Amino acid sequence: MAEPVYRRVVIKLSGEYFAGPHSFGMDQPTIDRIAGDLIAARQLGVEVAVVVGGGNMVRGVEVSSRGVSRPTGDTMGMLATVMNCLALEAAIERRGAPARALSAFVMPQVCELYTRGATHKYLAEGRIVLLGGGTGNPFFTTDTTAVLRAAEIGAHAVLKATNVDGVYTADPKKDPSAKRFDRLTHSQAIEGGYKVMDATAFALARETSLPIIVFSIAEPGSIGAILRGTGHGTIVAG
């Protein structure tokens with residue numbers, strides 16, 4: 001089996017994906033499959049931290065469009081990410097693997113506060129670390145959170161698990177003529193305005209020299225394939 005290309009990664013999971021075939025909420029079989037993929041990635045010898053979105057329950061931008069202030073809406077969305085982390089933590093531990101959810105918010109009755117030191121400790125112990133609560137600040141997406149946390153903990157790459165197998169010139173589900181990129185620079189991704197990740201996340205990755213690999217989570221084992229360098233995705237780097 002090929003050695004992993006990266007030894008420490010932050011994996012960004014879409015909250016919407018947690019809903020599975022439904023339009024809202026948590027689909028347990030989907031969460032269980034993701035848990036299995038994360039455990040398999042850890043068994044390759046890779047230190048795995050995970051940032052999860054909250055769009056399966058609350059999207060701050062949508063809530064604020066209905067009259068709630070944007071900071072309040074974003075806070076609601078960040079709390080939804082904590083719930084997703086707790087669900088994923090439980091699914092991983094049911095399979096006999098150690099995990100630890102950390103939150104950007106102080107909530108001691110729920111889970112531990114995120115710090116770099118705690119993250120390093122749990123990664124060294126072999127735990128899969130689940131990072132909830134976004135950055136703890138409104139106006140920042142969980143894409144940006146993933147890059148920020150990766151830079152903070154010295155990760156070697158950000159793996160953006162999404163519903164398409166890379167970055168395209170347009171939405172391939174709406175435009176059959178959309179072309180897929182094998183590789184882009186951070187600057188090209190920003191200038192192209194590709195919607196797979198927000199510009200702030202790409203800009204921070206450029207500043208911190210972090211590669212981002214965009215790939216589809218739909219295929220079982222896709223995380224491990226990306227880590228071994230055999231997966232299908234777009235590399236945004238350099």
Side-chain angles (χ1 to χ4, degrees), residues 9-19 23-26 49-88 101-107 110-116 118-119 129-155 157-164 167 171 184-214 236:
V9 296
V10 171
I11 299 171
K12 167 62 201 327
L13 296 172
S14 159
E16 285 94 336
Y17 194 73
F18 275 43
S23 59
F24 178 84
M26 297 181 187
V50 182
V51 169
V52 186
N56 55 319
M57 289 183 280
V58 178
R59 293 187 68 84
V61 173
E62 290 178 9
V63 171
S64 60
S65 72
R66 296 195 292 269
V68 175
S69 73
R70 177 67 187 274
T72 299
D74 283 358
T75 300
M76 293 165 67
M78 288 185 281
L79 290 172
T81 73
V82 176
M83 289 190 276
N84 281 339
C85 283
L86 293 175
L88 188 53
L102 304 176
S103 169
F105 294 105
V106 178
M107 43 176 66
V110 178
C111 60
E112 191 175 334
L113 180 68
Y114 162 79
T115 64
R116 291 194 308 276
T119 306
V129 181
L130 310 170
L131 304 173
T135 66
N137 299 288
F139 301 103
F140 291 95
T141 66
T142 46
D143 284 346
T144 299
T145 302
V147 177
L148 174 63
R149 297 294 185 240
E152 285 180 317
I153 67 173
V158 173
L159 275 55
K160 161 83 171 177
T162 185
N163 58 0
V164 290
V167 181
D171 185 341
L184 285 167
T185 66
H186 297 112
S187 295
Q188 286 170 332
I190 294 166
E191 289 157 13
Y194 304 120
K195 300 298 184 188
V196 73
M197 212 167 191
D198 69 87
T200 306
F202 281 133
L204 182 57
R206 179 175 62 184
E207 187 178 325
T208 53
S209 302
L210 264 168
I212 298 170
I213 299 93
V214 181
V236 183

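Bear in mind the structure is a predicted one, so any value in this text is a computation, not a measurement.
Legend: residues meeting ring-ring contact (aromatic ring centres under 6.0 Å, His included) with Y194, ordered by chain and number and at least two apart, are F181. With sequence neighbours left out, S69 forms a side-chain hydrogen bond (donor to acceptor under 3.5 Å, both in side chains) with T72. Legend: residues meeting salt bridge (charged side-chain N to carboxylate O under 4.0 Å, His left out) with D74, ordered by chain and number and at least two apart, are R70. Qualifying salt bridge (charged side-chain N to carboxylate O under 4.0 Å, His left out) partners for E191, counting only residues two or more places apart in sequence or in other chains: none. Listed by chain and number, the residues in a side-chain hydrogen bond (donor to acceptor under 3.5 Å, both in side chains) with Y114 are E152 (sequence neighbours excluded).
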(message) Test side-chain contact (heavy atoms from CB on, under 4.5 Å) on T119 and R149; report intermediate values, then the result.
(response) CA-CA 10 Å; T119 306; R149 297 294 185 240; over 6 Å; no
(request) Applying side-chain contact (heavy atoms from CB on, under 4.5 Å), run through V147 and M197 and close with a yes or a no. (result) CA-CA 11 Å; V147 177; M197 212 167 191; 4.2 Å; yes
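Checked options V51, I212, L204; the residue passing with V158 is I212 (criterion: side-chain contact (heavy atoms from CB on, under 4.5 Å)).
Interatomic distance, L102 CG to L113 CG, rounded to the nearest 0.5 Å: 8.0 Å. Rounding to the nearest 0.5 angstrom, the gap separating the OG1 atom in T142 from the CG atom in D198 is 8.5 Å. With rounding to the nearest 0.5 angstrom, the CG atom of L13 is 9.5 Å from the CG atom of N84. Once rounded to the nearest 0.5 Å, the distance linking CE of M57 with CE of M26 reads 3.5 Å. The CG atom of L79 sits 7.5 Å away from the OG atom of S103 when rounded to the nearest 0.5 Å. To the nearest 0.5 Å, atoms CG (N56) and OH (Y17) are separated by 13.0 Å.
Contacts classified as side chain to side chain donor-acceptor pair (under 3.5 Å) and involving residues 202-214 (residues at least two apart or in different chains) are given here: S187-R206.
Summarising the geometry of M78 relative to P138, their closest heavy-atom pair is CE-N, 3.9 Å, with the distance given to 0.1 Å. Of all heavy-atom pairs between A49 and L131, the closest is CB-CD1, 4.2 Å. Of all non-hydrogen atoms in A80 and G54, the two that sit nearest each other are CB-O, 3.8 Å. Scanning all heavy atoms of the two residues, the minimum distance from I213 to A157 falls at CD1-CB, 3.8 Å. When all heavy atoms are compared, the tightest approach of C111 to V82 is SG-CG1, 4.2 Å. Across V52 and C85, no two heavy atoms sit closer than the pair CG2-SG, 4.1 Å.
Taking the charged nitrogens against the carboxylate oxygens, D143 and K160 do have a contact shorter than 4.0 Å, which makes a salt bridge.
Environment of CZ in F105: crowded, with over 12 heavy atoms of neighbouring residues, nucleotides or ligands closer than 6.0 Å.
For the pair V214/T162, a side-chain contact is recorded, criterion being any heavy-atom separation below 4.5 Å from C-beta on.
In terms of modelled atom types and a separation under 3.5 Å, the side chain of T81 and the main chain of G132 share no donor-acceptor contact.
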